[in-house]
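Note that this is a predicted model, so its numbers are computed, not measured. Worth knowing before you read on, the calculation uses all heavy atoms, side chains too, and leaves out hydrogens, waters and symmetry mates. Below, chain A is the first sequence line, B the second, and so on; all start at residue 1.
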Amino acid sequence: MLRTEEMLLNVGPQHPSTHGVFRLVIKIEGEIIKEATPVIGYLHRGTEKLAENLQYTQIIPYTDRMDYLAAMTNNYVLCHAVETMANITVPDRAEYLRVITMELGRIASHLVWWGTYLLDLGATSPFLYAFREREMIINLLNELCGARLTFNYMRVGGVKWDAPDGWLEKVAEFIPYMREQLHGYHQLVTGNEIFLNRVKGVGTYTREEAIAYSLSGANLRCTGVKRDLRKDEPYSIYNRFSFGVPTREAGDAWSRYECRMEEIEESLKILEQAVAQFPSDGPILAKVPKIIKPPKGEAFIRIESPRGEIGCYIASDGKKEPYRLKFRRPSFYNLQILPKLLEGENMANLIAILGAIDIVLGEVDG
Amino acid sequence: MSVSGEMLAFLGLAFVAVLGGILLIQLTKVVHMVLALVFTFVSIAGIYLLLSAEFVAVVQILLYSGAITIVMLFGIMLTNNQKQEEEKGNRWRKILLLLGILGFAFAVYIGIYNLDIPVQPTTLHEANTEQIGIALFSKFVIPFELMSVLLLVALVGAIVLAKKDDEGA
Amino acid sequence: MDKNELTRLKKEAAEKAKAAAIKRRQEKERQASESGQDLELAKKKAAAAAKAKAAAAARAKAKAASTEKKEEESSVEPSPNEPLLQRYIQIIERQVGTDSYEEYYINRLSKDVPTILAKPHTYMDIAQVLKQQLHFDFLAELHGTDFETHIEVYVYLCSLQNGQSVVLKVKLDRDNPMIPSLVPLWKGADWPECEAYDLIGIKFSGHPNLKRILLGEDWIGYPLRKDYKPHDEGV
Amino acid sequence: MMQELLQSAPSWTKVGIFFGLAVLFLFVVLGFVTFAILSERKIMGFMQMRIGPNQVGGSWGLLQTVADVLKLLLKEDTIPKKADRPLYILAPVLAFAPAFMVLATLPFTNQFQFADIGVGLLYYIAISGITTIGVVTAGWASNNKYSLMGGMRAAAQMISYEVPLVMSLVGVVLLAGSLNLREIVAAQEDIWFIFLQPVGFIVFFIAAIAELNRVPFDLPEAESELVAGFHVEYSGFRWAFFMLAEYVYMFAMAALTTLLFLGGWHSLPFLDFIPGAVSFALKFSVVIYVLIWIRVSFPRLRADQLMEFAWKVLLPIALANIFLTALLKELF
């Protein structure tokens, strides 16, 4: 009797589709995956250990390096945690700037995901289209804080830089442009039969599994769980905007795709309202001491990042450095379900499944 | 016998064909053997061409080199073939084998040398594909159809056997 | 400018700097001797002030303590989550026992999240009650912290259907931190527990595949412990 | 001129002439490959809102490919230690030689053709199958898991798509009554076969893209899955051979499409003044452009979907097309 041989295949750490230094050891029979073991840690930089010797403001640049595709959210979660502990009220204008930058970041992050996901599936053009739009967002953020990826923009109590003249107008102009492009994206990709065949019914999990595996973000919402911390536990000024939380029922790669695409639209809505309500005057930084010393105690604060719930735990002993700092990194939690999803799958689906989770290795490895 | 281009081509092709056959037996790696076989097949196709049997030549390449060898390669590459060949038989057996081969070669040589093929006036270079078609569908239509039924049965049989294997596993 | 001139200029500059330095030193010495008496005086003053301050602080502390007590007793400004916490505790007491926890409180610093500090042997039972009776089906976070006197595991749980959160903590012995794994209850605890094992050295018994997930199996020591010394032989 | 040459008695001068012509043609094809790659990159660039090559050889990057080929020639030729050395060296040749052999029977104009054999169409398909062996051998010889999978996929794909490819052409053969490419073109004097065989054309074109291993059927070298498929380990000149084979096949397939469905060197009714060669070149360019266009706009199929598509969709359609054509031909 003929027997096909089992083969041990190392996907990564330098594979084009692992989106960074991520290794996946898979056991395949023919093209069917029998077992998958993720190996992570190649990008571990010990942010948490480093932070124990840094003042709070000094930690902010380190957070930029975690989820480097949406660094504003990382900035925010740290600042927000410290502000909550120290009971600091952030001026309105700063909150609006924060929301605008965070939502811009969310769109940019989803655009990168969209482009690279289609690149994984073999389509080259969407990648370039997505990066063209992302470039505009990055230019906007660059104008604001002088950096394209590692912004270091937020501070405890507000933001570092005020919006330059004409910046808000540029953001306002970007919104209808992005809507139009989004329409083009759907025209190009969303209806494509080949694409649909690649993503529909691929990497499916149920609502219960998603919750059990602590998935968050679009990975959770694609199973029909309507959970978005911006709505459920409003932080910052998100309760001032009307926006929807897109959900799907199927729980496959396709529904994740749909959720993310719709999230871009919702983010555009938030941006539109934020630009319209933007206070014309006011401080951008609350009156906080030069050296921030949160009271003794601990806090764990979560917010909604493009990839899911990002959390920041601070244990303070009342000194200017945190006693212990820990980030809940959504990609780290979201990636856990991968071995389960890959079991028994086709080798070609590996890419479609891994890509749909939307991980950033800087975040997975901390 | 004068040295013509045809002769040179034939010698070259025949040499490659025989070489391929010898290599097929002599090489140790199975994949190498199959590739040697490909060379034999292709050279034989070339000889067909020299005989103006272009249809047969093309079909030879299409089926033997194109399809069959690839299926063989597939089977070899995807299945476990770690077992090495056993040591060949003893010296007596080898000598007997050699004698047998020599005898066979001699017989064939005598047979071909004495064979007198009556030369028929044929139009070799003209539309032989059409002629094959006409022959197949008029004179040989029953064997042709029988053959296709046989192949179909073989195909179905192969699928059934493969399925059974799958369930047994 | 030729070389000689340059050296000359340099020399001059050096001399000048020397002179200035000497002058400065003399000045300083003078000042010090002058202010020596002042310093003594200042010290005395400072000590007195410190005494007064300490007294004030003590008073304030006492006051604060009393107000705190008052707050606890008469609940001047109760947290909106107080009733929730009471309910959780009631259910836990009923299911696991009245002495199953060390303490419970509302963490005012962390958006009023109810916090329960379990005992190591009841940790698993309380977690089970939280999941099954109170529907905390989403494990948002699990990590450990080294508090030098002990090691603490911090588990943040959410209930998606009720929109509630709770923190479950447990204090462990620092020398042999051992606790049952939460993976049977929440599959999402898998990697976070590996991470806690990797960086702090907490052993989770019953974990299906406890490994050093980030640093690799050949790493020596637990970096997030406060007494960690990098093992850098040969580097 | 070619016809006379082909039918005249052999002599050393004739051999010399043929050899010279072949070398000339080789350079024509190489020139085509050079500019096909450039135009592919340029067109892709325009479609993706970027510029494309614009540094080497003026603002159009005319010498970009030349520079690339030079780079490939100068690159170190690496052979993995554990590779099957003889096969590793043989594979690019096996893949590349048939690519040129198929060009021999293609009549580019009424006059210009190297070998006018009766089964020209079948010859093309048969010879192009040998390339598959080269690809499989390359995949095996590299001793790399990714390249082995790439080689396997390539073989499976090429065998599968050869069937609908041939089947879709039976309609054309029925209408023309010949396997000879010249006669097939001659039969399109009045009306191109694309209009008589629209279904056959679509099936043929899809299968042709699959045979060429181009997007959306580029699984054997799917970059995001198999890194580069069967040529992961190849570098420098050997790698260039695979690329060259790929583009020569693109040339041959576009020429074949033109011959079989677009009327070869025949012009449109009112445009008879256009010389045959120019007419052929124009149609040929359109086919190439469409191939590039498809590459820019589609994602990749999955391996099993690819197989299913060939056997469950294309093949039945092709068979139905044969049946229908035969029926219509009998009736009218």
Q. When heavy-atom pairs shorter than 4.5 Å are enumerated against chain A, which of C/Gly163, C/Ala140, C/Ala189, C/Gly216 gives the highest number?
A. C/Ala140
Q: Enter the distance from A/Lys326:NZ to C/Leu224:CG here, rounded to the nearest 0.5 Å.
A: 9.0 Å
(Q) Given heavy-atom pairs under 4.5 angstrom as the criterion, report whether the side chain, backbone, both or neither of A/Glu309 touches chain C. (A) side chain
Q | Per-residue contact mode, C/Gln161 against chain A (heavy atom under 4.5 angstrom) | A | neither
Q.
With a 6.0 Å cut-off (strictly less than), is the heavy-atom count around NZ of A/Lys319, excluding the residue itself, greater than 12?
A. no
Q. Side-chain contact, heavy-atom cut-off 4.5 Å: A/Thr84 with C/Ser110?
A. no
Q.
Please determine whether the number of non-hydrogen atoms from other residues, nucleotides or ligands lying under 6.0 Å from atom OH of A/Tyr62 exceeds 12.
A. no
Q. Cation-pi between A/Arg324 and C/Phe147: NZ/CZ under 6.0 Å from ring centre and within 45° of the ring axis?
A. no
**Q.** C/Phe138, part contacting chain A, at a heavy-atom distance under 4.5 Å
**A.** both
Q) Mind checking whether C/Cys158 and A/Arg227 have side chains closer than 4.5 Å, heavy atoms only? A) yes
Q: Heavy-atom pairs under 4.5 Å with chain C are the metric here; pick the option from A/Lys226, A/Lys340, A/Glu48, A/Glu209 that has the most.
A: A/Glu48
Q. Measuring heavy-atom distances to chain A, does C/Asp190 have an atom under 4.5 Å in its side chain, in its backbone, in both, or in neither?
A. both
Q: Determine, stepwise, if the pair C/Ser165 / A/Glu233 fulfils side-chain contact (heavy atoms from CB on, under 4.5 Å).
A: CA-CA 11 Å; C/Ser165 309; A/Glu233 297 170 23; 4.0 Å; yes
Q. What part of C/Leu199 lies closer than 4.5 angstrom to a heavy atom of chain A: side chain, backbone, both or neither?
A. side chain
Q: Mind checking the CG-NE2 spacing from A/Leu325 to C/His143? Nearest 0.5 Å is all I need.
A: 9.5 Å
Q. For A/Arg329, is it the side chain, the backbone, both or neither that has a heavy atom under 4.5 Å from a heavy atom of chain C?
A. side chain
Q. Between OH of A/Tyr213 and CG of C/Leu139, what distance do you get to the nearest 0.5 Å?
A. 13.5 Å
Q) Considering all heavy atoms of both residues, which atom of A/Gln336 and which atom of C/Lys187 are nearest to each other, and what is their separation? A) OE1-O, 3.5 Å
Q | Within 6.0 angstrom of C/Lys111 NZ, more than 12 heavy atoms from elsewhere | A | yes
Q: Below 4.5 Å from any heavy atom of chain C, which atoms of A/Asp232 appear? Answer side chain, backbone, both or neither.
A: neither
Q: Heavy-atom distances under 4.5 Å only: say whether C/Glu148 touches chain A with side chain, backbone, both or neither.
A: both
Q: Determine the option with the most heavy-atom pairs under 4.5 angstrom with chain C, choosing from A/Val225, A/Leu335, A/Leu220, A/Ile314.
A: A/Leu335
Q.
Does any backbone or side-chain atom of C/Lys131 lie under 4.5 Å from a heavy atom of chain A? Answer side chain, backbone, both or neither.
A. neither
Q. For C/Lys211, does the NZ atom have more than 12 heavy-atom neighbours from other residues, nucleotides or ligands under 6.0 Å away?
A. yes
Q) Hey, mind stepping through A/Ile211 and C/Leu160 against side-chain contact (heavy atoms from CB on, under 4.5 Å) and telling me if it holds? A) CA-CA 9 Å; A/Ile211 295 170; C/Leu160 294 190; 3.6 Å; yes
Q. C/Asp146 versus chain A, heavy atoms under 4.5 Å apart: side chain, backbone, both or neither?
A. backbone
Q: Name the region of C/Ile213, side chain, backbone, both or neither, that has any atom closer than 4.5 Å to a heavy atom of chain A.
A: both
Q.
For C/Trp191 together with A/Tyr333, are the ring centres under 6.0 Å from each other?
A. no
Q.
Looking only at heavy atoms and a cut-off of under 4.5 Å, which of C/Asp137, C/Leu215, C/Asp198 has the most pairs with chain A?
A. C/Asp137
Q: Could you tell me which portion of A/Lys49 (side chain, backbone, both or neither) has an atom closer than 4.5 angstrom to a non-hydrogen atom of chain C?
A: both
**Q.** Part of A/Pro294 within contact of chain C (heavy atom distance under 4.5 Å)
**A.** neither
Q: Could you check if a side-chain atom of C/Tyr156 sits within less than 4.5 angstrom of a side-chain atom of A/Arg328, using non-hydrogen atoms only?
A: no
Q.
Quick check: under 4.5 Å, non-hydrogen atoms only, which of residues 297-306 of chain A neighbour chain C?
A. A/Gly297, A/Glu298, A/Ala299, A/Phe300, A/Ile301, A/Arg302
Q | Heavy-atom check, side chain of C/Glu141 versus side chain of A/Ser214, under 4.5 Å | A | no
Q.
Heavy-atom cut-off 4.5 Å, strictly under: side chain, backbone, both or neither for C/Tyr154 against chain A?
A. side chain
